[in-house]
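Keep in mind the model is a prediction, meaning the values are calculated, not measured. Each chain gets a letter, A, B and so on, in the order the sequences are listed, and its residues count up from 1.
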Protein chains: 2
Amino acid sequence: MRFETSTIKDIAKALGLSTSTVSRALRDRYEISEETKKLVLAYAEKVNYRANPIARSLKERRSYSIGIIVSEIANNFFSQVINGIESIAYDRDYHVIISQSHESYKQEKLNVEHLASRSIDGLLIALSSETQDISYLRDLYAKGLPIVFFDRVPEDFETHKVIANNFKGAFDATEHLILSGKRVIAHLTNSENLSITKERLKGYQAALAKYHIEFKPELVKYCQHGGMHSAELEQAVKELLPLKPDGIFISSDRLTTGCIVALKKTNPEVAHKIAIAGFTNSNLVELFSPSLTSVKQPAFEMGQVATELLISMIEAKRPVTEFEIKILDTELVKMQKNIGNRFL
Amino acid sequence: MRFETSTIKDIAKALGLSTSTVSRALRDRYEISEETKKLVLAYAEKVNYRANPIARSLKERRSYSIGIIVSEIANNFFSQVINGIESIAYDRDYHVIISQSHESYKQEKLNVEHLASRSIDGLLIALSSETQDISYLRDLYAKGLPIVFFDRVPEDFETHKVIANNFKGAFDATEHLILSGKRVIAHLTNSENLSITKERLKGYQAALAKYHIEFKPELVKYCQHGGMHSAELEQAVKELLPLKPDGIFISSDRLTTGCIVALKKTNPEVAHKIAIAGFTNSNLVELFSPSLTSVKQPAFEMGQVATELLISMIEAKRPVTEFEIKILDTELVKMQKNIGNRFL
DNA sequence: AAAAAGTGTGCAAACGTTCCCAAAAACGTC
DNA sequence: GACGTTTTTGGGAACGTTTGCACACTTTTT
């Protein structure tokens with residue numbers, strides 16, 4: 001801000017004290033007399049003194065801000081995670097800077113490096129679906145930037161991670177479809193790179209196995225761009241339909257909504273005949289037609305937990321060597337009426 | 001970031017130059033020899049020099065960051081606006097800090113003041129539905145903080161503003177309902193404080209007037225909290241239904257989706273008999289049941305325009321005294337089939 | 001009564017930049 | 001080769017903090 005505000009110097013001059021004394025009074029350090037402290041505090045209050053965080057950051061070599069990278073904020077899951085992050089961060093006097101990768105590796109790297117050069121104290125990141133090479137993150141980490149991964153985590157990176165119980169979520173959703181009488185269950189999922197893709201695929205396979213349904217690789221469709229392009233989804237749907245699935249298990253928020261749109265757009269007549277169960281945190285699923293069963297992730301909580309872990313790393317006196325992988329349970333929200341009901 | 005990176009000083013020492021020379025070479029000032037510039041640039045590249053933005057901010061008394069206040073990022077309209085803002089901001093080397101008011105005046109004020117103390121160079125804000133007293137914004141503005149309002153703008157505040165053509169959007173939506181044969185058209189809207197509420201009400205009234213339908217105040221329901229609490233919406237729906245509306249015009253994104261949820265939850269049997277037209281930027285409306293006609297705002301563009309105006313203010317050499325009010329056209333997306341069709 | 005310990009304050013350096021001002025180097029002109 | 005002019009460089013202050021150290025003063029201990 002260009003406009004002038006009062007500084008420690010101003011206060012010092014006005015009160016006939018030194019800047020150090022004023023600083024100490026404001027920061028409530030031990031070696032300061034009650035009297036001067038009161039005096040300074042009162043005056044600071046009067047002139048509405050606000051410490052300049054930039055100067056403080058420069059001096060302390062930290063910014064009290066944490067960076068967040070998600071693929072997209074216009075996504076119910078991520079925006080809920082962000083709310084969780086903020087709830088903790090603000091309490092602990094950190095502020096957050098949000099960046100979007102739009103599922104692009106290049107954009108992700110660019111944003112992370114931009115944030116790093118902006119002197120963030122730590123980073124919370126869910127990898128983009130394109131990301132395979134995380135060496136740039138390793139470099140930053142090695143240089144001392146605390147990083148906590150959430151949702152989409154790399155396998156071989158020793159730091160805190162917070163994820164949902166993806167295996168169980170996928171298993172539950174698939175089992176639900178099976179118990180509803182479906183037998184040809186397709187799986188529409190994200191890029192193969194992602195941890196969530198692998199875990200959810202395993203859950204899907206396990207459910208099939210439990211009910212002795214053969215796993216058919218051709219029923220699994222991967223979307224490299226996480227459904228960012230509608231063409232990608234329409235293509236997947238087009239390839240899937242000839243295999244006559246009676247159910248689809250979809251493994252991410254964006255894909256789930258995107259898939260229903262694609263189905264209705266390209267094949268409205270079959271859209272209602274296929275049961276859909278998918279990961280989504282949309283609070284609007286009840287409005288959807290065809291209706292769907294959804295796996296809800298504890299997004300808000302995930303944000304909170306990840307932030308607590310990150311702040312503990314930031315504020316740790318010595319390098320952290322013990323890392324946690326927190327796994328949070330998902331919730332299966334079954335649709336209220338029978339599958340494919342047009343009258344919902 | 002705690003870890004050490006190379007600084008101008010390091011480069012200067014290594015190259016046997018002074019910091020001023022290095023700084024000039026890096027910043028590509030006119031008074032520097034081609035040769036030294038090349039030398040410095042090459043070395044900087046080699047050691048992967050990154051200017052410390054904090055130090056720069058302190059010196060230049062600006063942060064190259066702009067603050068954004070919206071009520072909620074988990075809202076299609078606002079997240080699209082944010083994408084528009086980012087698209088311009090990043091091009092111009094600003095970064096953005098997003099804050100959410102959650103439709104609370106207190107939270108909004110807190111966030112703005114937090115941002116201001118964080119030395120943002122300018123502010124983009126859509127007021128919360130609770131906000132009536134904007135004197136705190138006036139104070140900051142008077143002190144020199146550039147502010148541009150978008151979407152929800154105050155009446156008596158001389159600065160740039162970017163809004164949608166709310167009157168026309170509301171008129172079109174209401175007229176569409178009338179032309180579909182509806183005669184008892186309710187209006188569910190936001191807090192009366194908001195500019196958008198007033199403008200959209202006028203559009204609604206104008207459409208009624210055009211077709212000689214009497215305006216009935218009891219058909220208008222205000223939601224003070226913008227639909228943040230579902231109870232608020234359910235209450236409004238409950239009060240509206242006895243008046244037997246055959247159409248509802250809803251004036252905001254959150255209210256529109258929220259209202260359909262409330263309708264289906266409280267009165268599923270009538271939900272499909274009422275035609276709904278509402279403001280929303282959801283890309284999922286096609287999935288909704290009951291289906292609805294939507295007024296889409298040019299959210300992305302709104303963000304872009306607002307950001308351009310803000311940056312022009314920030315970078316203006318002399319105080320800006322001529323202000324613009326940009327009004328962007330909305331788009332009416334009619335539902336594909338007849339109103340209330342359960343088979344959509 | 002002198003020494004030791006404790007308390008409150010100020011001085012000055014540092015964080016990494018930018019930029020004003022002056023000094024030095026390079027160049028041209030007579 | 002002395003002079004002015006232009007180009008290039010360096011010195012150092014400043015931005016607003018925090019903090020190690022030293023100093024002065026008071027209180028306690030011996």
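- Counting heavy-atom neighbours within 6.0 Å of A:Glu113 CD, excluding the residue itself, gives a total above 12.
- Nearest-nucleotide mapping onto DNA chain C: of B:Arg27 and A:Glu60, the residue sitting toward the 5' end is A:Glu60.
- The backbone N or O of A:Arg62 lies less than 3.5 Å from no partner atom in the side chain of A:Asp121, so there is not a single donor-acceptor pair.
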*Stepwise, does the side chain to side chain donor-acceptor pair (under 3.5 Å) test hold for A:Glu108 with A:Tyr136?*
CA-CA 10 Å; A:Glu108 172 183 289; A:Tyr136 76 99; 2.6 Å; yes
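- Protein chain A touches strand DNA chain C; the 5'-most and 3'-most nucleotides with an atom under 4.0 angstrom of its non-hydrogen atoms are C:dG8 to C:dG16.
- Nucleic acid contact for B:Thr7: sugar-phosphate only, since backbone atoms but no base atoms lie under 4.0 Å from a heavy atom of the residue.
- With sequence neighbours left out, the salt bridge (charged side-chain N to carboxylate O under 4.0 Å, His left out) criterion links A:Glu60 to A:Arg27, A:Arg56.
- Remark: A:Lys13 pairs with no residue by the salt bridge (charged side-chain N to carboxylate O under 4.0 Å, His left out) rule, at least two apart or across chains.
- The nucleotide range of DNA chain D contacted by chain B, defined by atoms under 4.0 angstrom from heavy atoms of the protein and reported 5' to 3', is D:dT8 to D:dG16.
- Comparing the helix axis at one end of the helix from C:dA1-D:dT30 to C:dC30-D:dG1 with that at the other, each defined from 5 consecutive pairs, gives an inter-axis angle of 60° (nearest 10°).
- By the 4.5 Å heavy-atom criterion applied to side chains, B:Leu137 and B:Phe149 are counted as neighbours.
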* For A:Leu15 and A:Leu39, run side-chain contact (heavy atoms from CB on, under 4.5 Å): C-alpha distance rounded to whole Å, both residues' side-chain angles, the deciding distance at 0.1 Å, then the answer. => CA-CA 8 Å; A:Leu15 261 39; A:Leu39 185 69; 4.1 Å; yes
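- Environment of CG in B:Leu41: crowded, with over 12 heavy atoms of neighbouring residues, nucleotides or ligands closer than 6.0 Å.
- B:Ser87 and B:Gln304 form a side-chain donor-acceptor contact under 3.5 Å, judged by distance and modelled atom types alone.
- In terms of the side chain to side chain donor-acceptor pair (under 3.5 Å) criterion, B:Ser23 has no residue partners (sequence neighbours excluded).
- In this structure, the side chain to side chain contact (heavy atoms under 4.5 Å, CB included) partners of A:Thr7, at least two apart in sequence or on a different chain, are A:Lys9, A:Asp10.
- Annotation: proximity of residues 43-52 of chain B to DNA chain C (heavy atom, distance under 4.0 Å) is found for B:Tyr49, B:Arg50, B:Ala51, B:Asn52, numbered in ascending order.
- Each of B:Leu58 and B:Thr36 has a nearest nucleotide on DNA chain D; the 5'-most of these lies closest to B:Thr36.
- Contacts of B:Ser23 with the nucleic acid, taken as non-hydrogen atoms under 4.0 Å apart, include base atoms.
- Summary of the strand contacts: A:Ile8 and B:Arg24 both lie near DNA chain D, and taking for each the nucleotide with the nearest heavy atom, the more 5' one is attributed to B:Arg24.
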Q. What's the verdict on side chain to side chain donor-acceptor pair (under 3.5 Å) for A:Ser128 and A:Gln107, showing C-alpha distance, side-chain angles and the deciding distance?
A. CA-CA 9 Å; A:Ser128 95; A:Gln107 189 69 44; over 6 Å; no
Pair up each side-chain donor or acceptor in residues 150-157 of chain A with any protein partner under 3.5 Å, not counting sequence neighbours, and list the distances.
{"residue": "A:Arg152", "atom": "NH1", "partner": "A:Glu103", "partner atom": "OE1", "Å": "3.1"}
{"residue": "A:Arg152", "atom": "NH1", "partner": "A:Leu127", "partner atom": "O", "Å": "2.6"}
{"residue": "A:Arg152", "atom": "NH2", "partner": "A:Glu103", "partner atom": "OE2", "Å": "3.0"}

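- Contacts between residues 9-19 of chain A and DNA chain D, defined by a heavy-atom separation below 4.0 Å, involve A:Lys9, listed by number.
- No donor-acceptor contact under 3.5 angstrom links the side chains of A:Ser101 and A:Ser104, judged on distance only.
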Pair up each side-chain donor or acceptor in residues 46-54 of chain A with any protein partner under 3.5 Å, not counting sequence neighbours, and list the distances.
{"residue": "A:Asn48", "atom": "OD1", "partner": "A:Arg50", "partner atom": "NH2", "Å": "3.3"}
{"residue": "A:Asn52", "atom": "OD1", "partner": "A:Ile54", "partner atom": "N", "Å": "2.7"}
{"residue": "A:Asn52", "atom": "OD1", "partner": "A:Ala55", "partner atom": "N", "Å": "3.1"}

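- Qualifying ring pair (Phe, Tyr, Trp, His ring centres under 6.0 Å) partners for B:His95, counting only residues two or more places apart in sequence or in other chains: A:His114.
- Base engagement by A:Ser20 is indicated by at least one non-hydrogen atom pair under 4.0 Å involving a base atom.
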